[in-house]
Protein chains: 2
Amino acid sequence: MADRAAVPEVIWARPERAGRGPKPAFRRADIAAAAVRIADGGGLDAVSMRHVAAELGCGTMSLYNYVPRKEDLYELMVDAVSGEHEEWEPSGDWRADMVRVAHQTRTLMHRHPWLPRLMSPVYGFSPNALRYLEHCLACLDGVEASYGTKMQLVGLLNGVVTMYVTNELATAERSRSLPWSEEQENAVRIAYLGSQIAGGAYPRMAAAFMEDPGPIDLDAVFDMALGKVLDAFAPRGAGL
Amino acid sequence: MADRAAVPEVIWARPERAGRGPKPAFRRADIAAAAVRIADGGGLDAVSMRHVAAELGCGTMSLYNYVPRKEDLYELMVDAVSGEHEEWEPSGDWRADMVRVAHQTRTLMHRHPWLPRLMSPVYGFSPNALRYLEHCLACLDGVEASYGTKMQLVGLLNGVVTMYVTNELATAERSRSLPWSEEQENAVRIAYLGSQIAGGAYPRMAAAFMEDPGPIDLDAVFDMALGKVLDAFAPRGAGL
DNA sequence: GCGCACTACGTACGCTGTACGTAACTAGGA
DNA sequence: TCCTAGTTACGTACAGCGTACGTAGTGCGC
């Protein structure tokens with residue numbers, strides 16, 4: 001009996017190919033790719049063991065030969081798209097490199113809108129996550145600070161990016177599981193908001209929504225927040 | 001026929017009591033409280049329509065008289081605990097007030113560990129969320145800045161708090177749905193991490209984990225990040 | 001070449017959200 | 001005042017989920 005993990009197991013520590021039986025029909029990468037394909041097309045909730053198996057053309061339960069739990073499938077997915085992170089020779093300007101890293105992460109999350117929901121520090125040590133972290137640290141090589149501080153910077157940056165993209169995608173991703181359109185939902189919510197504000201109980205909120213700053217440039221908002229966070233760590237181009 | 005929402009509907013716009021039929025057995029607050037109780041005790045995944053109904057002592061489908069979709073139950077929950085936010089007379093020192101707000105939010109999230117997962121800008125305009133936002137804006141009354149900037153500050157602050165608490169709770173909340181303990185899982189993951197680092201492919205990661213900064217004080221880390229974010233908006237006690 | 005670990009996968013269980021139908025109830029209009 | 005239409009309550013049912021378990025069949029290590 002294979003004793004399907006009564007004890008914790010990191011999927012990455014498990015060898016792709018066991019010694020004994022018939023050779024596996026897929027590689028882990030195939031499975032991850034199939035799951036990513038489904039999530040990209042139909043949202044994270046479309047990723048079920050049955051769907052992934054169908055996408056691969058195998059029986060549902062066969063997947064459990066590769067992935068002990070669905071949770072591990074998620075971990076495979078996150079690692080797979082983490083592999084899309086490009087790396088480059090550190091430019092010497094760590095601030096510029098960090099901005100580039102952040103933009104790249106944001107692009108990645110827009111390409112795979114389910115990614116923010118799966119972002120977890122627990123997945124932070126998959127093979128591709130390690131490569132990514134090492135690259136970030138390399139970009140910070142010239143900075144005089146402890147690795148602890150550098151890790152905190154990278155963590156905060158990642159967090160802020162995740163947060164912003166989550167907000168950027170919130171209504172769009174939400175409308176995927178709703179029986180009506182995003183615009184309809186927004187209209188109804190804004191109508192309610194208007195009625196509440198008109199009540200006079202929230203004068204400052206009312207003023208805020210009267211301001212009408214014109215169309216919001218999400219890219220600019222993101223860049224501004226990113227800049228502020230970096231400023232917080234290095235106020236005037238000094239070290240951390 | 002009641003035509004159970006073929007068109008979007010904000011739950012807050014629906015009256016608690018309809019004119020016609022028998023008087024409802026519960027108020028929305030009862031249902032929210034029951035769901036919160038279950039989530040506090042058994043995690044968010046324990047919140048199913050059947051469980052909530054059982055907690056209330058009514059049939060499962062009766063809930064759908066109060067809540068058109070499960071999603072709306074979540075919205076009720078977030079609003080309910082948002083009501084736990086205390087308010088106070090703005091002190092005049094907006095930075096101190098913002099720190100207090102952030103600490104309060106963090107405490108709230110530790111009391112209701114499922115809250116970060118449900119944090120969504122979509123729920124940002126429930127009654128208690130409006131009260132909360134209005135209070136934040138009131139604390140910023142003396143600051144010379146547009147309401148847009150103020151909203152951005154509040155948003156960024158909330159986001160950073162959410163992010164930090166998510167990380168603080170990640171392993172604990174995760175272990176709730178796992179058949180083994182948090183410590184076991186951590187041990188296995190650290191063992192894997194060690195083996196990878198020992199391979200020599202990630203020299204900086206290796207150095208980072210050699211550093212051993214001693215026990216981490218989560219409160220201090222949180223306060224530091226919070227301070228940096230506030231510094232980013234108001235470098236030296238100036239206005240925004 | 002034997003045995004056993006492994007792959008493949010069908011069946012089945014308990015759980016989920018919720019569509020639908022029915023019975024009891026009550027407020028508004030005649 | 002009675003009638004009726006809209007609401008509440010809730011049992012049943014269905015499609016889908018993760019996954020435990022059992023059974024074949026395959027091919028490496030001894």
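Within every chain, numbering begins at 1; the chains are lettered A, B, ... in the order of the sequence lines, protein sequences first and strands thereafter. Values in this document were obtained by computation on a predicted structure and should not be read as measured data.
- Here the closest non-hydrogen pair linking A:Val67 and A:Arg14 is N-NH1, 4.5 Å.
- As rounded to whole Å, 12 Å separates atom C1' of C:dT16 from atom CE of B:Met61.
- Applying the side-chain hydrogen bond (donor to acceptor under 3.5 Å, both in side chains) criterion to A:His103, with sequence neighbours excluded, gives A:Asp223.
- Of the two residues near DNA chain D, A:His51 and B:Ala25, the one whose nearest nucleotide lies more 5' is B:Ala25.
- In terms of modelled atom types and a separation under 3.5 Å, the side chain of B:Asn128 and the main chain of B:Asp79 share a donor-acceptor contact.
- Counting any heavy atom pair closer than 4.0 Å across all strands shown, A:Ala53 reaches no nucleic acid atom.
- One can place CG of B:Leu178 at 16 Å from P of D:dG18, the figure rounded to the nearest angstrom.
- Salt-bridge formation is detected for the pair B:Arg117/B:Asp45: a Lys NZ or Arg NE/NH1/NH2 atom is positioned less than 4.0 Å from an Asp or Glu carboxylate oxygen.
- One atom, OH of B:Tyr66, and another, P of D:dT7, lie 14 Å apart when rounded to the nearest Å.
- Contacts of A:Phe26 with the nucleic acid, taken as non-hydrogen atoms under 4.0 Å apart, are absent.
- Remark: side-chain polar atoms of B:Asn167 are not paired, donor with acceptor, to backbone N or O of B:Tyr164 under 3.5 angstrom.
- D:dC17 atom P lies 18 Å from atom CD of A:Glu71, rounded to whole Å.
- Residue B:Arg50 places its side chain closer to C:dT18 than to any other of C:dT18, D:dT8, C:dC9.
- Following rounding to the nearest Å, A:Asn65 (CG) and C:dA5 (C1') show an atom-to-atom distance of 12 Å.
- A salt bridge is defined here as a Lys NZ or Arg NE, NH1 or NH2 lying under 4.0 Å from an Asp or Glu carboxylate O, and B:Arg37 with B:Asp40 fails to meet this definition.
- In this structure, the OH atom of A:Tyr74 is 14 Å from the C1' atom of D:dT19, given to the nearest Å.
- Residues satisfying the ring pair (Phe, Tyr, Trp, His ring centres under 6.0 Å) criterion with B:His110, sequence neighbours excluded, are absent altogether.
- Distances shorter than 4.0 Å separate none of the side-chain N or O atoms of A:Tyr64 from OP1 or OP2 on D:dC21.
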With 3.5 Å as the limit, what N/O pairs link the protein to nucleotides 27-30 of chain D?
from: D:dC28; atom 1: O4'; to: A:Arg20; atom 2: O; distance (Å): 3.1

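- Between B:Met49 atom CE and D:dC14 atom P there is a gap of 21 Å when expressed in whole angstrom units.
- For A:Glu16 and A:Arg27, the salt-bridge test fails: no basic side-chain N is under 4.0 Å from an acidic carboxylate O.
- Within residues 34-45 of chain A, no residue places a heavy atom under 4.0 Å from DNA chain C.
- Counting only heavy atoms from C-beta on, B:Arg69 has its side chain closest to C:dT18 among D:dG18, C:dT18, D:dC10.
- Distance, A:Leu56 CG to C:dA8 C1': 13 Å, rounded to whole Å.
- Residue A:Ser62 has a polar side-chain atom (N or O) positioned under 4.0 Å from OP1 or OP2 of C:dC9.
- Residue pairs meeting the salt bridge (charged side-chain N to carboxylate O under 4.0 Å, His left out) criterion with at least one partner in residues 157-168 of chain A, sequence neighbours excluded, are A:Arg106-A:Glu168.
- Closest contact between the side chain of A:Lys70 and the listed nucleotides D:dA9, D:dC17, C:dC9 involves D:dC17.
- B:Val47 comes within 4.0 angstrom of the backbone, heavy atoms only, and of no base.
- Partners of B:Tyr132 under the ring pair (Phe, Tyr, Trp, His ring centres under 6.0 Å) rule, at least two apart in sequence or in another chain, are B:His85.
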